[in-house]
There are 2 protein chains.
Amino acid sequence: MITSKKTSRPRASKLARPSGPARHPVPAHVLRSFTPARHDHRRCVSAALSKADATCNASGRRLTPLRRRVLELVWRSHTPVKAYDLLAALGREREQAAPPTVYRALDFLLEAGLVHRIASLNAFVGCGEPGPGHTGQFLICTACGTVAELDEPALSKTIAASAERLGFEVRRETIEIAGLCAGCRRRGAD
Amino acid sequence: MITSKKTSRPRASKLARPSGPARHPVPAHVLRSFTPARHDHRRCVSAALSKADATCNASGRRLTPLRRRVLELVWRSHTPVKAYDLLAALGREREQAAPPTVYRALDFLLEAGLVHRIASLNAFVGCGEPGPGHTGQFLICTACGTVAELDEPALSKTIAASAERLGFEVRRETIEIAGLCAGCRRRGAD
DNA sequence: GAAAACAGGTTAGATGATAACATCAAAGAA
DNA sequence: TTCTTTGATGTTATCATCTAACCTGTTTTC
Ligand SMILES: [Zn+2]
Ligand SMILES: [Zn+2]
Ligand SMILES: [Zn+2]
Ligand SMILES: [Zn+2]
């Protein structure tokens with residue numbers, strides 16, 4: 001884990017730019033997702049928790065200790081977490097933990113836009129950029145399990161155009177791309 | 001169901017064209033999906049079964065009576081079917097039907113590309129255009145439950161470009177767009 | 001025909017998610 | 001403050017989805 005703690009914000013454009021004519025810069029949190037060995041994950045966690053505090057305060061939602069703890073557990077890695085794994089983790093630190101405990105916390109976090117559900121995996125990941133009107137677009141590495149969240153307006157636009165032609169009104173997008181991340185490709189994962 | 005059985009193929013272009021400058025024609029099976037009252041669904045079913053026979057023959061797969069029957073049940077509508085509904089339907093017509101019966105049949109049909117799994121619904125739909133290298137892109141009406149399959153190269157291309165920038169190798173796309181179909185919008189569904 | 005591969009039956013259980021009701025704490029109203 | 005309402009969590013039970021493991025019979029292949 002390399003830290004570089006000083007600068008107030010890691011500059012995405014500095015780190016990114018693998019080659020192509022990137023029309024818009026790759027967000028920092030995406031990069032961190034796919035460089036698990038090379039980043040200080042504690043920063044991801046604390047950033048996520050701060051943002052959660054902020055957005056909940058702003059929207060009048062109550063980020064209770066339990067909910068906050070579940071969010072923290074979700075953020076233990078960039079790999080999607082199963083509800084029952086969360087349940088097990090909770091069970092280790094408090095006596096009372098039943099399925100509804102964790103599912104209710106997850107419902108809250110989903111509602112608040114702090115986590116996303118990965119439908120194709122029945123699992124949950126923390127959202128790196130919580131905010132309104134942001135739909136989940138995910139790259140999922142089948143080798144290391146890491147999930148990176150995209151935010152490609154072009155993608156949504158293409159979908160909107162397609163839907164438009166059929167008179168279809170888009171409400172929710174579920175986009176989950178499975179494959180191999182750069183790291184796993186390099187080390188010849190299958 | 002209104003029939004109009006005579007013409008050898010329903011003309012997509014005739015029915016479609018809601019307004020826009022459709023860059024490529026909307027495939028017939030997509031249109032049929034979203035006009036449930038206006039098409040002879042028996043044609044969908046028999047077409048699907050013929051194609052299934054053909055592709056299985058071509059690829060040396062065995063479309064056994066059970067598998068064929070499950071496919072037929074999946075095709076009872078353009079609405080995704082739950083595995084346990086299939087199981088119940090099977091149970092009504094034969095004595096022996098347990099979960100593995102239907103899940104194994106579904107696995108086969110998925111493998112053969114004859115049905116798709118809708119991850120966001122834990123359900124299955126028949127594939128209108130079975131064939132290799134074709135990834136699922138779905139529009140799902142939350143009001144009437146109808147699912148239409150898209151095949152938008154532009155969409156895949158956009159995803160590929162995005163993935164490229166991150167060095168990500170795409171293997172499988174899960175694209176499920178929930179919303180309202182034209183019909184349900186007209187009749188003011190929510 | 002024997003061996004191998006495959007389809008399906010059968011039993012049991014793992015995993016994922018929710019319903020319904022009880023209890024307690026926080027937020028608002030009187 | 002005290003009452004009231006709302007919301008968060010505990011608790012129990014159950015439903016829903018999916019799979020492992022083992023067995024039997026049927027095709028394929030040699
Ligand atoms: Zn991290
Ligand atoms: Zn990876
Ligand atoms: Zn039809
Ligand atoms: Zn509809």
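Excluded from the calculations below are hydrogen atoms, water molecules and symmetry mates; all remaining heavy atoms, backbone and side chain alike, are included. All values derive from a computational prediction rather than experimental measurement. Order of the sequence lines fixes the chain letters, A, B, ..., with proteins taken first and strands second; residue numbering starts at 1 for each chain.
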Does B:Arg117 make a side-chain N or O approach to OP1 or OP2 of D:dC18 shorter than 4.0 Å? yes
Donor-acceptor contacts, no H, no angles, side chain residues 107-120 of chain B, under 3.5 Å, sequence neighbours left out:
| residue | atom | partner | partner atom | Å |
| --- | --- | --- | --- | --- |
| B:His116 | NE2 | B:His134 | NE2 | 2.9 |
| B:His116 | NE2 | B:Glu149 | OE2 | 2.9 |
| B:Arg117 | NH2 | B:Asn122 | OD1 | 3.1 |
| B:Ser120 | OG | B:Glu176 | OE1 | 2.5 |

If only side-chain N and O atoms count, and only distance matters, is there a donor-acceptor pair under 3.5 Å linking B:Gln137 with B:Ser156? yes
Look at B:Asn122 and D:dC18 and indicate whether a side-chain polar atom (N or O) is within less than 4.0 Å of OP1 or OP2. yes
Using modelled atom types only, decide if a donor and an acceptor are shared between the side chain of A:His41 and the backbone of A:Trp75 within a distance under 3.5 Å. yes
Mind calculating the distance between OH (A:Tyr84) and C1' (D:dC18) to the nearest angstrom? 14 Å
d(A:Lys51 NZ, A:Cys56 SG) to nearest 0.5 Å is 13.5 Å
Could a donor-acceptor pair under 3.5 angstrom be found where the side chain of A:Tyr103 meets the base of C:dA19? no
When you measure from the side chain of B:Glu169 to the backbone of A:Cys181, do you find a donor-acceptor pair of N or O atoms at a distance under 3.5 Å? no
DNA chain D nearest-nucleotide lookup for B:Asp85 and A:Pro99: closer to the 5′ end is A:Pro99
Establish, with yes or no, whether the OP1 or OP2 oxygen of C:dT15 is under 4.0 angstrom from a side-chain nitrogen or oxygen of A:Lys82. no
Rounded to whole angstrom units, what separation is found between the CG atom of A:Leu86 and the P atom of D:dT9? 15 Å
Given atom CZ of B:Arg61 and atom C1' of C:dA5, what is their separation to the nearest angstrom? 16 Å
Inter-residue atom distance A:Arg69.CZ - A:Leu49.CG, 0.5 Å rounding: 9.5 Å
Could you give the CG-to-C1' distance, from A:Leu63 to D:dG7, as a whole number of Å? 15 Å
Side-chain donor-acceptor pair under 3.5 Å between A:Arg61 and A:Ser59, yes or no? yes
For B:Leu121 and D:dT17, what is the distance between atoms CG and P respectively, to the nearest whole Å? 11 Å
Between atom CD1 in B:Ile118 and atom P in D:dT17, what is the gap in whole Å? 15 Å
Taking only N/O atoms, report every protein-nucleotides 7-9 of chain C pair under 3.5 Å with atom names and distance.
| residue | atom | partner | partner atom | Å |
| --- | --- | --- | --- | --- |
| C:dA7 | OP1 | B:Arg67 | NH1 | 3.1 |
| C:dA7 | OP1 | B:Arg67 | NH2 | 3.3 |
| C:dA7 | OP2 | B:Arg67 | NH2 | 3.4 |
| C:dA7 | O5' | B:Arg67 | NH2 | 3.2 |
| C:dG8 | OP1 | B:Thr64 | OG1 | 2.6 |
| C:dG8 | OP2 | B:Arg67 | NE | 3.3 |
| C:dG9 | OP1 | B:Arg94 | NH1 | 3.2 |
| C:dG9 | OP2 | B:Thr101 | OG1 | 3.3 |
| C:dG9 | N7 | B:Arg104 | NH2 | 2.4 |
| C:dG9 | O6 | B:Arg104 | NH1 | 2.9 |
| C:dG9 | O6 | B:Arg104 | NH2 | 3.2 |

